[in-house]
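To start, the structure under review is shown below, and the notes come after it.
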Amino acid sequence: MSDQQNELHPMRHSLAHIMATAITHLWPEVKLGVGPVVENGFYYDVDIPNVTLSAEDFEKVEAEMKKVIAENQPFERFTKPIDEAIAWAKDAKQPYKEELLNDLKRAGTTVAKELDAEELGLATEGDSQVSEVSFYKNGDFTDLCRGPHVESTGKVGAFKLMRVSGAYWRGKDTNPQMQRVYGIGSADDKELRVYLNILEEAKKRDHRKLGQELDLFFFDDTAPGMPYWLPKGVIMYNELISFWRQEHTARGYQEIVSPLLNKKELYVTSGHFGHYWSDMFTSETEDGELYGMKPMNCPNAMLVFKHRNRSYRELPLRFSDTDTLHRFELSGALNGLFRVREFRQDDAHIFVNEDQIKEEYKRIFEITELFYSIFDISYSFRLGTRPEKSMGDLALWEKAESTLKEILEESGKEYSIEEGDGAFYGPKIDILMKDALGRPWQMGTIQLDFQQPIRFELSYTDADGHEKTPIAIHRVIYGSLERFIGILLEHLAGRLPIWLAPEQIRLVTVNQEANTVEFAEKVVEQAKELNLRITIDNDNESVGKKIRNAELMKVPYTVVIGEKEIETGELIPRIRSDMAVSARHEPHTIEEFLKTVANEAKSRVSKTSL
RNA sequence: GCCGCUUUAGCUCAGCUGGUUAGAGCAUCAGUUUUGUAAACUGAGGGUCGUCGGUUCGAAUCCGACAAGCGGCUCCA
């Protein structure tokens, strides 16, 4: 945490209290939940009987908060024995606080995973039973809280309420839903404006907006969560896949294709029938057979392994595929390309023996670095351990988890641990990336699977002639092509590198005269021989207008074709600003220009040498 | 799925508290113009106002249901 964040933390936490104070003044019957600090601000979960807060109420709440701030009430800390605290909560008619206090008394902690001790405001740590808890009081408002806070309500900087949404009490969807009011908090008005400005800028990078503007994809009401890829979108989609294919073929991966639909029996074997069937698209045929559309590729990869006898000599056996997957995601979870119901993963299933796990992980990490370094997007690792609803032997789980920890330790990479976040068949290492708004998304994932090979009764003949069960590694690097393209678009603000740009060169004619068009067509012909994606804009518009259109479509190179070019036979490319090393616009022979661009596309550079 | 908000032409948006044939810019098409590095001019076509139902003499406008989208929650690549 930076120094600035260290300072902002108590300010934002105090703002949460001040907001709760204001809401209590306006709606005295409010039942309070928790009010922690989050990135850039704070929130408080409130439950106001028969009142639904909306953005229109923010003005009222903000005005009341400003009153509290103007009064500069000191934050006073005091402690109470736990039983007195519980009595206080009961007396104040705060059932949520009472529940938390009871949990504290009983277990010394609260179980809900998101609400750690800091957020709840425990007075003591560890598993021991709590005897005392701390409170903070400002003006007429008292709250159970660990702190710390600023000295007084006047010292909280600048703030703004942003939105309100539903949030399940203690993060469990079986609990009642509260209203979560979000606010942002900054050191002062200037910082606040800077942050609001950043948010505005981020909206311009929204991949849904860019997908619309750049003619990449769209959605139709009849296929929620299933993108339609337009010709330009397909070009970048396929370029990403061919890069993936090229690099994986070179590393000993063998590509397979398998059915999209399988009978239920496959998913009974894999365990998906019990764990995942309700999240799948399914159908029943005329003859009464139940089919499921595959939500992941692993069961079919298991069948490919099982297809014939396997030898230890084949290991590691690497099967890759990019088949289409369908998952019946909750309607409320869908989000542009980030969360879809139909997508393709750059998938692979690697069958190894126990001794090969580490080496194979190292190889996968190498591929990861190669891919991500090209796009220059920062990412982080997260280890997910055994979830509650898991399959298989506990000892195997522990072994798998400790193996992954070792691998991460040895790799020297930073990682976080998310308990219970593994797949139901094994622990996993996830790779996270952030979108334009700073929201983290799971991208690549490398999962260790001791379970499915057993369930599918996979085996190979080992050197000693005995049959052994292989271990499967499931891994994706991009994650899903869809989500990756979403992240990429936001990261690049739509300015795709030459190798991914649907249109690499646009020729803009100065007039519609025959010799101009002829010249342009000659350039196109040469460009096509080099597999370049080039178009001619011969519209009856001003040159200025056509340049503008090329700029808006973020075409890497735009070349004006007129008298001058025809005379000299040289082109002066206009280079998209993010690719230019300097502001030069120099003439090049047609051949030189096209060859350079072709090389740049091939070597996947982000800057031009022109 | 849950909570809140949103939905008017291909796109971005006007349309005040319900009142005659629903507007604009961009885009599209046609004509004029033949243009030199971020928007030439003129004209035309295009919307049963997300869908269905209700209230009303009258609904884009009010109410309800459903659908899709957005921000969260839950869940996940």
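Just so we're on the same page: letters track the sequence lines, and every chain starts at 1.
Aromatic ring centres of A:H275 and A:Y425: separated by at least 6.0 Å. Aromatic ring centres of A:F381 and A:F365: separated by under 6.0 Å.
The gap from the C1' atom of B:A68 to that of B:U21 amounts to 31 Å, rounded to the nearest Å.
B:A68 is paired with B:U6 under the criterion used here, namely a Watson-Crick or G-U wobble arrangement in which both key atom distances are under 3.5 Å. B:G43: Watson-Crick or G-U partner is B:C29, with both key distances under 3.5 Å.
Ring-base stacking between A:Y182 and B:G72 is not satisfied when judged by a centre separation under 5.5 Å and a plane angle under 30°.
Between the side chain of A:S542 and the base of B:A40 there is no donor-acceptor pair of N/O atoms closer than 3.5 Å. Taking 3.5 Å as the limit, the base of B:G1 and the side chain of A:Y168 contain a donor-acceptor pair of atoms between them. For B:C76, its base sits under 3.5 Å from the side chain of A:R483 at one donor and acceptor pair at least. At a cut-off of 3.5 angstrom, counting only N and O atoms as typed in the model, there is no donor on one side facing an acceptor on the other between the side-chain of A:E513 and the base of B:U34. Contact of A:Q212 with B:C11 (side chain to base): no donor-acceptor pair of N or O atoms is detected under 3.5 Å. Residue A:E565 places a side-chain atom within donor-acceptor reach of the base of B:G36, judged by atom type and a 3.5 Å distance cut-off alone. The base of B:A38 lies close enough to the side chain of A:E551 for a donor and an acceptor atom to sit less than 3.5 Å apart.
The side chain of A:R382 contributes no N or O atom lying less than 4.0 Å from OP1 or OP2 of B:A77.
Atom NZ in A:K545 sits roughly 4 Å away from atom P in B:A27 (whole-Å rounding). Protein atom CG of A:L334 is 11 Å distant from nucleotide atom P of B:G71, rounded to whole Å.
Nearer the 5' end of RNA chain B, as judged by each residue's closest nucleotide, is the contact made by A:E563, out of A:E563 and A:A167. The residue among A:V543 and A:D221 whose nearest nucleotide of RNA chain B is located toward the 5' end is A:V543.
For the pair A:R483 and A:F338, the cation-pi test (distance below 6.0 Å, angle within 45°) is failed. Remark: A:R12 is not positioned above the aromatic ring of A:F42, lacking an NZ or CZ atom under 6.0 angstrom from the ring centre and at most 45 degrees off the axis.
Residue A:L216 holds its CG atom at 8.0 Å from NZ of A:K232, rounded to the nearest 0.5 Å.
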